[in-house]
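Notes follow once the structure below has been shown.
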Number of protein chains: 2
Amino acid sequence: MSRIERMCVERGLKMTGQRRLIARVLSESEDHPDVEELYRRAVALDARVSVATVYRTVRLLEEKGILERRDFGGGRARYDPADRGHHHHLIDVDTGNVIEFADAEHDTVARAIATRLGFELVQMRLEIFGRRLPAPPPATPARARRRT
Amino acid sequence: MSRIERMCVERGLKMTGQRRLIARVLSESEDHPDVEELYRRAVALDARVSVATVYRTVRLLEEKGILERRDFGGGRARYDPADRGHHHHLIDVDTGNVIEFADAEHDTVARAIATRLGFELVQMRLEIFGRRLPAPPPATPARARRRT
DNA sequence: ATATGTGCAAAATGTTTGCTATCTA
DNA sequence: TAGATAGCAAACATTTTGCACATAT
């Protein structure tokens with residue numbers, strides 16, 4: 001039984017073949033797939049699924065707190081299993097690649113800000129959009145260069 | 001001439017009546033309206049605009065760096081004049097209200113993270129979702145309160 | 001047995017675009 | 001006047017939904 005399927009069962013969801021399939025695909029994914037991609041991966045394993053079901057399922061899993069919906073630009077929602085733990089994202093603006101990272105300091109500061117403004121922190125979202133740096137300076141190429 | 005219109009002119013945009021109108025609406029807005037809302041406010045001032053033009057204009061202004069597009073959930077893009085300075089958002093999960101705040105520390109840390117991961121920071125997005133706290137403790141009346 | 005889930009195609013939503021008329025610089 | 005822009009409606013892309021049938025508990 002896949003990791004995500006187990007979470008579904010724990011929450012008392014009725015498990016159909018397609019939900020099991022989608023749960024499996026999610027469990028085996030290490031990236032942040034969108035619905036179309038999930039559908040593609042699912043169909044490859046068992047053609048008896050429809051996109052509509054994928055949409056319905058991710059929505060359900062989001063409501064149950066099993067998935068988190070993300071928006072990294074590009075117009076489609078992308079999904080992130082909640083059990084990966086709290087983390088943030090760095091998106092490569094050129095390639096669209098997403099790197100996950102955790103940062104306790106940000107979390108602490110965010111909570112403090114919420115409190116200061118009279119709110120209880122429910123969730124926070126930190127996304128950094130960046131461009132890959134040229135590659136670390138070639139050690140010492142005859143002469144060290146200074147930053148421009 | 002409205003604040004935003006001035007920015008358009010500075011960037012050499014051809015100013016039509018509708019662009020002037022939209023620029024004015026943006027200049028007078030202190031929230032983060034979506035296209036439909038911008039259109040509503042614009043039409044109220046002068047009916048000779050279409051939604052298509054609002055879409056085209058916000059996209060143009062975004063490309064020119066005059067507006068920043070935001071996503072606070074809810075499916076529609078919302079716009080934020082870039083000249084308000086760098087800031088982040090706290091969204092009230094119950095009402096959808098958005099509060100702006102600045103936080104230099106976050107910015108510094110974000111830049112450091114990007115660098116550590118081998119990226120140059122292009123942009124960052126920090127959103128805090130919170131729920132309004134019950135109201136500060138009735139504050140021992142007869143005695144002055146300290147800042148939290 | 002009964003409530004719930006699925007597939008399909010149609011509809012809803014938000015946004016973009018082709019074309020012609022119009023306007024700015 | 002040349003070239004960019006506006007309006008309109010049709011086109012798009014993504015996501016939701018109504019309905020008849022299938023399935024899990």
Side-chain angles (χ1 to χ4, degrees), chain A residues 1-2 4-6 8-26 32-40 42-43 45-64 66-79 96, chain B residues 1 4-6 8-26 32-43 45-64 66-79 96:
Chain A
M1 189 197 278
S2 74
I4 303 278
E5 183 181 346
R6 197 178 324 277
C8 293
V9 174
E10 279 167 13
R11 281 156 230 234
L13 294 183
K14 184 183 286 189
M15 291 313 287
T16 63
Q18 0 319 58
R19 283 191 186 169
R20 240 185 292 276
L21 176 62
I22 295 167
R24 177 178 157 201
V25 169
L26 284 167
H32 305 78
D34 56 35
V35 168
E36 194 186 318
E37 181 60 29
L38 286 173
Y39 174 63
R40 204 175 303 136
V43 165
L45 298 175
D46 184 337
R48 288 169 298 176
V49 215
S50 69
V51 228
T53 296
V54 178
Y55 271 107
R56 280 193 269 237
T57 303
V58 292
R59 183 144 58 108
L60 178 68
L61 300 204
E62 193 198 346
E63 282 163 10
K64 294 296 181 183
I66 296 173
L67 286 184
E68 283 172 16
R69 194 202 317 225
R70 306 282 180 190
D71 159 53
F72 298 145
R76 35 239 277 181
R78 299 175 64 173
Y79 292 87
Chain B
M1 190 197 280
I4 303 277
E5 182 181 346
R6 198 180 320 278
C8 292
V9 174
E10 279 167 14
R11 281 157 229 234
L13 294 183
K14 188 180 285 191
M15 293 311 289
T16 64
Q18 8 307 69
R19 284 192 186 165
R20 241 184 291 274
L21 177 61
I22 295 167
R24 178 179 155 199
V25 168
L26 285 167
H32 305 78
D34 56 35
V35 168
E36 194 186 318
E37 180 61 28
L38 286 173
Y39 174 63
R40 203 175 305 135
R41 295 178 192 177
V43 165
L45 298 176
D46 184 337
R48 288 169 299 176
V49 214
S50 70
V51 227
T53 296
V54 178
Y55 272 107
R56 280 195 267 237
T57 303
V58 291
R59 181 144 60 107
L60 177 69
L61 300 204
E62 193 198 347
E63 282 163 11
K64 294 297 181 180
I66 296 173
L67 286 184
E68 282 173 17
R69 193 202 318 223
R70 307 280 180 192
D71 160 52
F72 298 144
R76 35 238 278 179
R78 299 175 62 174
Y79 292 88

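A quick note: this is a predicted structure, and the numbers were derived from the prediction, not measured. All chains are named by letter (A, B, ...) in the order of the sequence lines, taking the proteins before the strands, and each is independently numbered beginning at 1.
Considering all non-hydrogen atoms of both residues, A/Glu5 and A/Ala23 come closest at N-CB, 3.7 Å.
Summarising the geometry, atom CD1 belonging to A/Ile66 is positioned 4.5 Å from atom CZ belonging to A/Arg11; distances are rounded to the nearest 0.5 Å. For the atom pair CD of A/Glu36 and CG of A/Asp34, the computed distance is 6.0 Å after rounding to the nearest 0.5 Å.
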message = Return a single string for nucleotides 15-25 of chain D, one symbol per nucleotide in 5' to 3' order, where B is base contact, S is sugar-phosphate-only contact and - is none, cutoff 4.0 angstrom on heavy atoms.
response = BBBB-----BS
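Between B/Leu38 atom CG and C/dG14 atom P there is a gap of 14 Å when expressed in whole angstrom units. Atom CG of A/Leu61 is separated from atom P of C/dG5 by 12 Å (rounded to the nearest Å). Between the OH atom of A/Tyr39 and the C1' atom of C/dT6 there is a distance of 13 Å, given to the nearest Å. Rounded to a whole Å, the CD atom of B/Gln18 is 10 Å from the C1' atom of C/dT22. Going from atom CG of B/Leu21 over to atom P of C/dT24 covers 14 Å, rounded to whole Å. A straight line from CZ of B/Arg19 to C1' of D/dA4 spans 8 Å, rounded to a whole angstrom. In this structure, CD of B/Glu37 is placed 14 Å from P of C/dT15, rounded to the nearest angstrom. The nearest whole Å value for the distance from the NZ atom in B/Lys64 to the P atom in D/dA4 is 12 Å.
Classification of B/Glu37 and B/Arg41 as a salt-bridged pair holds, one side-chain N sitting under 4.0 Å from a carboxylate O.
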inquiry  = Assess the residue pair B/Val58 and B/Arg69 against the criterion (side-chain contact (heavy atoms from CB on, under 4.5 Å)); give the C-alpha distance rounded to whole Å, side-chain angles, the decisive distance to 0.1 Å, and a yes or no.
reply    = CA-CA 9 Å; B/Val58 291; B/Arg69 193 202 318 223; over 6 Å; no
task = Go through A/Tyr79 and A/His32 one step at a time and tell me if the ring pair (Phe, Tyr, Trp, His ring centres under 6.0 Å) criterion holds.
result = CA-CA 5 Å; A/Tyr79 292 87; A/His32 305 78; over 10 Å; no
